[in-house]
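Comments concern the structure below.
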Protein chains: 2
Amino acid sequence: MPVTDEAIVRIKEMILGGELAPGARLPKEADLAERLGLSRNSLREAVKALSLIRVLDVRQGDGTYVTSLEPELLLDTLAFVVDFHRDDTVLHFLEVRRILEPGATALAARAMPDAQVAALGELLAALPDDATLDELLANDLEFHRLIAVGSGNPVLVSLLDGISAPTTRARIWRGLTEEGAVARTREQHRAIHSALAHRDAELARALALVHVCGVERWLRDTLGDAGAALARPAASDTPGSAGT
Amino acid sequence: MPVTDEAIVRIKEMILGGELAPGARLPKEADLAERLGLSRNSLREAVKALSLIRVLDVRQGDGTYVTSLEPELLLDTLAFVVDFHRDDTVLHFLEVRRILEPGATALAARAMPDAQVAALGELLAALPDDATLDELLANDLEFHRLIAVGSGNPVLVSLLDGISAPTTRARIWRGLTEEGAVARTREQHRAIHSALAHRDAELARALALVHVCGVERWLRDTLGDAGAALARPAASDTPGSAGT
DNA sequence: GGCAAGGAGTCATCCGATGTATTTCTCGAA
DNA sequence: TTCGAGAAATACATCGGATGACTCCTTGCC
């Protein structure tokens, strides 16, 4: 194993072993390099890699620190990785969102504090009727993010945030090509908020499913058979799935 | 922005822009460094970072290549990141799994090819009655992974694989401390397999939920009130949740 | 045709030097 | 005493070059 990879493992172990607590400062490059038995250059490669995934935070002129390691930090990494996936996997991400979003919404119906539910309503009300596409997108993302936060589960927030990025582009297309989509989306948002306000978890779950499926259906139709086939290649030999 | 970070962005753009297709080979370090206008050392830091998240694949003596960028590669990265989270967030991961696992199982009930369902049954049958804890764990992980694969959604496979890692440890504890857990788990596995074989999606979904909740309930009880409070901090000001 | 030695190409690692940002300390003015 | 400018210390940022190790391909022998 290359010394750099070993350094990554060593640093990871130092963190998991408690030697380096979240927020702790690492020894300076020269010292840590000597301790791990490699050169500064190689150590820097390891630190850079751990820095990209938000495990370490390097500050020039100051020092290198362990981040808080909170689940929210998982977000940026996931989003970064997801960015690399091609458009032909959007349906797979959407399918996962179709599972997560209703679950998160149902949790929010039970756990979301009243103040946050109110804030959610204000967010919807703040959107002007003649909003631009960018405003619509931003409002939509924030709406779903608030619901995820309302679930009280930071891991859920991070995952949904991460996998929502690819579907965002899909929604951009939708806004550009389908006239009634904007009004329908706003209506669905209001309905979800209402269900949350009434603490109706089952209704909220169903509405969220309908909401996500709207995008999915549209996208599936748009991509055509090729897209549908891509969405579930493993099922190619399943009886009955070929008749589409 | 540091030159290294800029190099990461540039390389990312080269990939997203199609200049570097999946599997493509990058120019050699010296050339690429010159082209991006930085030193080899700095470039190597960027490459190392992208290598850690499985975007690039560096082979000594050969060259540096773009990986296939398939969703499966998201797996390793997610698992690596998840490793850094403390035990006090296990319940959050478990809660997400409680959402994803039933969804994946329901999908598998419809999409899983017959051959894979059969293989799933053989996996369960292959587990000896006097299996060691390690064997139980491996069999359990493989069981759930096969179901995820059966869903036909590689993104789902990766996510479930990634978030299952932390709960694995929890199941280890369970196996060590609770006598009846092993037999119960095997029984539940058989029931899930049966539901899949009968293509009963709703039953499969319910059984998966029961299965995951078994672990969750046990873990929640074990961790005690402290753990329960940690599981949903955002709800601390929700009426009724303070009565502990 | 098979195989092993040799050479070219490429990454791995190190060293030492210099540039730059941040923090801290010093010291004089108000 | 308080405060701010500037110097000093500290730590990361970046560079160029040198050497080693590994892979792959060519070449020539058997």
Side-chain angles (χ1 to χ4, degrees), chain A residues 1-15 19-69 73 76-77 80, chain B residues 1-15 19-69 73 76-77 80:
Chain A
M1 182 186 293
V3 291
T4 295
D5 290 0
E6 188 177 326
I8 291 178
V9 173
R10 294 280 295 276
I11 294 174
K12 179 178 179 180
E13 287 171 349
M14 288 167 72
I15 294 174
E19 183 178 347
L20 291 174
R25 176 177 177 168
L26 274 68
K28 66 182 175 193
E29 286 183 344
D31 291 350
L32 186 56
E34 186 185 8
R35 175 173 161 188
L36 297 181
L38 40 60
S39 71
R40 263 193 66 220
N41 278 329
S42 299
L43 173 63
R44 280 181 58 80
E45 289 179 22
V47 169
K48 189 72 195 180
L50 290 173
S51 174
L52 181 65
I53 62 173
R54 313 296 170 117
V55 167
L56 296 181
D57 179 23
V58 182
R59 307 175 203 161
Q60 182 179 29
D62 184 358
T64 303
Y65 300 81
V66 180
T67 67
S68 64
L69 295 182
L73 287 172
D76 296 310
T77 302
F80 188 89
Chain B
M1 182 187 290
V3 293
T4 295
D5 290 2
E6 188 177 326
I8 292 177
V9 173
R10 293 279 294 277
I11 295 174
K12 179 178 178 180
E13 287 172 349
M14 288 168 71
I15 294 173
E19 184 177 348
L20 291 174
R25 177 178 178 168
L26 274 67
K28 66 181 176 192
E29 286 184 345
D31 290 350
L32 186 55
E34 186 185 8
R35 174 172 161 186
L36 297 180
L38 39 59
S39 72
R40 260 195 68 219
N41 278 329
S42 299
L43 173 62
R44 278 182 60 80
E45 290 181 22
V47 169
K48 190 71 195 181
L50 290 172
S51 175
L52 181 65
I53 63 174
R54 312 297 171 120
V55 167
L56 297 182
D57 179 22
V58 182
R59 307 176 202 161
Q60 181 181 111
D62 184 358
T64 303
Y65 300 81
V66 180
T67 67
S68 65
L69 296 181
L73 288 171
D76 297 310
T77 302
F80 187 90

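Owing to the predicted nature of the structure, the values given are computational and were not obtained by experimental measurement.
From the 5' end on, the contacts that DNA chain D makes with chain A at under 4.0 Å to a non-hydrogen atom open and close at D/dT10 to D/dG16.
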- CA sep, side-chain torsions, deciding dist, call: B/I15, B/L69, side chain to side chain contact (heavy atoms under 4.5 Å, CB included): CA-CA 10 Å; B/I15 294 173; B/L69 296 181; 3.7 Å; yes
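Rounded to 10 degrees, the angle separating the terminal helix axes of the helix from C/dG1-D/dC30 to C/dA30-D/dT1, each built from five base pairs, is 10°.
In terms of heavy atoms, A/T4 sits closest to A/S42 at OG1-O, 3.5 Å. Minimum heavy-atom separation, B/A7 to B/L38: CB-CD2, 3.6 Å. Across all non-hydrogen atoms, the minimal contact from A/A21 to A/V66 is O-CB, 3.6 Å. For the pair B/E29 and B/L43, the tightest heavy-atom approach, listed with the atom from each and the gap, is O-CD2, 3.4 Å. Annotation for B/L73 and B/S68: closest pair CD1-OG, 3.6 Å, computed over non-hydrogen atoms.
Side-chain atoms of B/R25 come within 3.5 Å of backbone N or O of B/D62 as a donor-acceptor pair. Checking side-chain atoms of B/T64 against main-chain N and O of B/L26 turns up no donor-acceptor pair under 3.5 Å.
Within residues 19-30 of chain B, the residues approached by DNA chain C to less than 4.0 Å at the level of any non-hydrogen atom are B/R25, B/K28, B/E29, in residue-number order. For the segment residues 32-44 of chain B, the set of residues with a heavy atom within less than 4.0 Å of an atom of DNA chain C comprises B/R40, B/N41, B/R44, in numerical order. Remark: A/V58, A/R59, A/Q60, A/G61, A/D62, A/G63, A/T64 in residues 55-65 of chain A come within less than 4.0 Å of DNA chain D through at least one heavy atom.
Side-chain contact between B/V55 and B/T77 is absent, with no heavy atoms from C-beta onward closer than 4.5 Å. Under the 4.5 Å side-chain criterion, counting only non-hydrogen atoms from C-beta, B/I8 is in contact with A/K48. Residues A/L52 and B/L52 have side chains not in contact (no heavy-atom distance under 4.5 Å, counting atoms from C-beta outward). Looking at heavy atoms from C-beta onward, A/L56 lies out of side-chain contact with A/L20 at the 4.5 angstrom threshold.
For the atom pair B/R10 CZ and B/E19 CD, the distance stands at 9.5 Å (nearest 0.5 Å). Of the inter-residue distances, the one linking A/R44 atom CZ with B/R44 atom CZ reads 13.0 Å to the nearest 0.5 angstrom.
Residues satisfying the side chain to side chain contact (heavy atoms under 4.5 Å, CB included) test with A/P2, not counting sequence neighbours, are A/D5.
B/E45 has its CD atom 13 Å from the C1' atom of C/dT13, to the nearest Å.
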